[in-house]
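In what follows, a single structure is set out as structure tokens and then discussed.
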Amino acid sequence: MIREIVNLFRHKYLLWELVKRDFKAKYIGSKAGLFWSLITPLIRMVIFIFVFSVILKVKFDDKGGITNFALYLICGTLPWFGFQQSIVRSETVLLENSNLVKYIVFPAKIFPFYVTISSLIEQAIGFIFFIAAVFLINHSFSMSALPVMLMLLFMQLIFTVGLGWILSTLNILIKDTYHAVELFLMIWMYLTPIFYPEDMVPSWARGIININPMAYLVRFYRDILLRNRMPVLNEVLLFFSIAIVLFFLGYYIFEKNQHKFADLI
Amino acid sequence: MKPVIAENIIKSYRARNTSIEALRGISFSAEKGDVLGIIGDNGSGKSTLLKVLSGISRPTSGKVELSGSVGSILDVSAGLNAYFTGRANIYMRCVLMGYSKKEIEEKFGWISDFSELGSFIDQPVYMYSSGMFMRLGFSIAISSVPDIFLIDEVLSVGDQYFQRKCFEYLKKIRDSGTTIVFSSHDLSKVKTFCNKVIWLNGGVIEMAGEPGVVIQAYMDYTREKEGKLLESPKGLPRDLSHSNIWGSGEVRIKKIRLLDKDGLEKSVFRTNEKMAIEVLFSAETPIESPTFGIAIFRNDGVYCYGPNTRLDNKYRDKTWKGPGRYSITYDRLALLPGSYQISIGVYDKEEIFPYAFHHRLYDFKVISEIEDHGLIFMDHKWSAEEL
């Protein structure tokens, strides 16, 4: 299987072309093109900051020293929506390209992979603006966070692709998957400390946070971008292990069921 | 090692609560450089077979062995994005087929030349006519020369000129040793292009072998089906016991014999061979000057020829009683290959009401070594000169 995964990376040119096509296709025919990819997260962030810090003036103090609720919120929503978009698109990307699956021999595994990369690129663009905002508001940002940030993105990629493979397979085998996942993602989002401070979770509910990998991921991003500290190594290793397991499991499930796709789509 | 071997392929689909068997035990093989044509009605399993051969769909049981590189064209438009330019689509499809950037750059010129899209190559594909769209898809699909080429239906794309160009190109590929398996409804193309033909019917091989023989059999079958549809208003097959025999009953038709030049009975004749049709009958009561008739139909219902003794003014003043026989002899049976049926009728003198009529009850076949098109052979001479 390791060799097959290495083979997958050998398709990096295909992967790159697909990601490029994805961005082009999104804005084809529009004059501003990629500009929309940049302006949307920027405006969304400005609105968040305006609403929570200027109008509502939310008083907020988490134990790690984050005092600006808007930044806290954005730092949670960026990775979550990157993740959610990857999953939803992974589920449907093969169905959208059904004529490829039915009529052309090609590495289908690439598809959930590329939509995840594509979503994470958008997430990274969001983070670039976010970092600029952090710098403007807090006047402090450590450049040493950047390599850690890249590492986190990579771990998120592994984690999300694995889950994406599983769910895209399931969605072809069982059509109800899409709706079940939609509901589950909503519940999962509220079980992840995105909109509320992690400290406020009552102790009896902390177990849910502790078994939620996305809660870890969100915490890591906040640690390095807002709390100016390194994530706890043990937690990082735990998340990474889960990501690796999911990646291999997803690969295996996709591989085992792939031959049925052409008949089911 | 044969490049294409299929062993007892079974493919079933589960649909709701039933299982549909699209292929029910298909076995065949092809030699290097063979062009194998697959013919059959819609739903006979042609496309499923090609999908299974290409590896896109896995057989439920059975084995497919392909040795060498495989290229398949199952749908020329697959993976083309209408909003991208022809150029971008060529790149994308080639990338999907696994070519490196360098290979694609080498191929690009060939593809754009072959498709003859000219400056349209840099226009978005939604601006193309359907013919241009097909040309683009097809040109990309045949841009590589694999050891085994699997082609489904798609050769009927574009205008006559482009079709011919594709065929010329495929012939070149074939002559370079590529094995081609292709399905088509265009029987004349299959006949000229293939050296082996498989006729699929309901997921099984109905017949396989020489293109001429298999295609003739398939055409016979198709005509018969059409004939049945034409005859009965509800499209149901005719009921031989009732609707094909009628008459007042004074004459009973006992037996029909088809005789060749030596007077031997047989049911398969050659075009231009001598054939006699003999009718044995019995007149139950004395009948005066009946009209004897014998007619030939092709199995799709085309009425070929039907003379009778009133029209030919024969036996106009004779009273018949008891057993009798009459026959018609064709010195040269002009019918071209196919399946035919005979109608026998004995009418009154003025051919107004029938004593006995057997409508299309007797079958025979015509074969020929010489290829001809149409219904009958007509003696002919050619001449041509420059003026």
Side-chain angles (χ1 to χ4, degrees), chain A residues 4 6-31 33 93-115 117-118 169 172-175 254-265, chain B residues 11-15 19-20 22 47-48 50-60 66 69-85 88-105 124-126 137 140-141 144 146 150-154:
Chain A
E4 285 161 7
V6 170
N7 262 336
L8 196 58
F9 282 96
R10 210 167 278 157
H11 290 300
K12 58 183 185 296
Y13 177 53
L14 169 57
L15 199 58
W16 177 235
E17 285 296 318
L18 283 167
V19 170
K20 266 201 325 208
R21 181 181 78 154
D22 201 33
F23 276 91
K24 275 190 203 155
K26 202 179 280 178
Y27 303 111
I28 206 142
S30 76
K31 291 226 161 51
V93 69
L94 286 175
L95 299 173
E96 282 160 13
N97 291 281
S98 61
N99 61 353
L100 283 178
V101 180
K102 280 172 114 90
Y103 300 114
I104 292 188
V105 182
F106 77 104
K109 261 183 225 84
I110 287 283
F111 273 57
F113 208 147
Y114 97 77
V115 294
I117 290 184
S118 179
T169 306
I172 292 171
L173 301 181
I174 309 161
K175 302 283 177 224
F254 196 98
E255 178 74 27
K256 278 287 154 201
N257 290 289
Q258 197 176 351
H259 69 272
K260 301 176 190 160
F261 291 175
D263 296 341
L264 290 171
I265 284 179
Chain B
K11 176 76 193 176
S12 54
Y13 292 101
R14 236 177 308 152
S19 168
I20 299 163
S47 296
T48 309
L50 281 162
K51 264 191 192 176
V52 168
L53 288 178
S54 69
I56 286 171
S57 183
R58 195 180 281 186
T60 311
L66 304 179
S69 59
V70 182
S72 54
I73 315 179
L74 305 185
D75 178 355
V76 288
S77 63
L80 296 183
N81 183 317
Y83 295 97
F84 285 123
T85 62
N89 271 303
I90 293 175
Y91 269 85
M92 200 62 235
R93 261 280 286 274
C94 287
V95 170
L96 277 171
M97 295 195 298
Y99 298 121
S100 71
K101 192 169 180 156
K102 206 176 141 235
E103 284 171 307
I104 296 171
E105 265 150 23
V125 165
Y126 69 79
I140 300 171
S144 66
L150 309 169
I151 306 170
D152 188 17
E153 297 287 356
V154 293

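Residue numbering restarts at 1 for every chain, and letters A, B, ... go by the order of the sequence lines. Computed over heavy atoms, backbone and side chain alike; hydrogens, waters and symmetry mates excluded.
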> What's the shortest heavy-atom distance between A:L18 and B:M92, and which atoms?
Replying inline: CD2-CE, 3.3 Å
>> Closer than 4.0 angstrom, basic N to acidic O: yes or no for A:D263 and B:K11?
In response: yes
> Could you state the interatomic distance from NZ (A:K102) to OG (B:S47), rounded to the nearest 0.5 Å?
Replying inline: 11.5 Å
> What residue in A:N97, A:I110, A:L264, A:N99 has the most heavy-atom pairs under 4.5 Å with chain B?
Replying inline: A:N99
> For A:Y13, what residues pass the ring-ring contact (aromatic ring centres under 6.0 Å, His included) criterion, not counting sequence neighbours?
Replying inline: none
>> What I'd like to find out is whether the side chain of B:R58 reaches to under 4.5 Å of the side chain of A:K260, using heavy atoms alone.
In response: no
>> Check this for me: B:K101, atom NZ, are more than 12 non-hydrogen atoms of other residues, nucleotides or ligands nearer than 6.0 Å?
In response: no
>> Can you give me the closest heavy-atom contact between A:P107 and B:L96, atom names plus distance?
In response: CD-O, 4.0 Å
> Can you tell if the side chain of B:F84 reaches within under 4.5 Å of the side chain of A:R21, non-hydrogen atoms only?
Replying inline: yes
>> Quick check for you: to the nearest 0.5 Å, what is the distance between A:L14 atom CG and B:S100 atom OG?
In response: 12.0 Å
>> Testing the basics here: between A:V101 and B:I56, what is the closest heavy-atom pair and its distance to 0.1 Å?
In response: O-CG2, 3.5 Å
> Could you give the distance from OH (A:Y103) to OG (B:S77), rounded to the nearest 0.5 Å?
Replying inline: 8.5 Å
> Contact part of B:L150 toward chain A, heavy-atom cut-off under 4.5 Å: side chain, backbone, both or neither?
Replying inline: neither
> Non-hydrogen atoms of chain A under 4.5 Å away: do they reach the side chain of B:Y13, the backbone, both or neither?
Replying inline: side chain
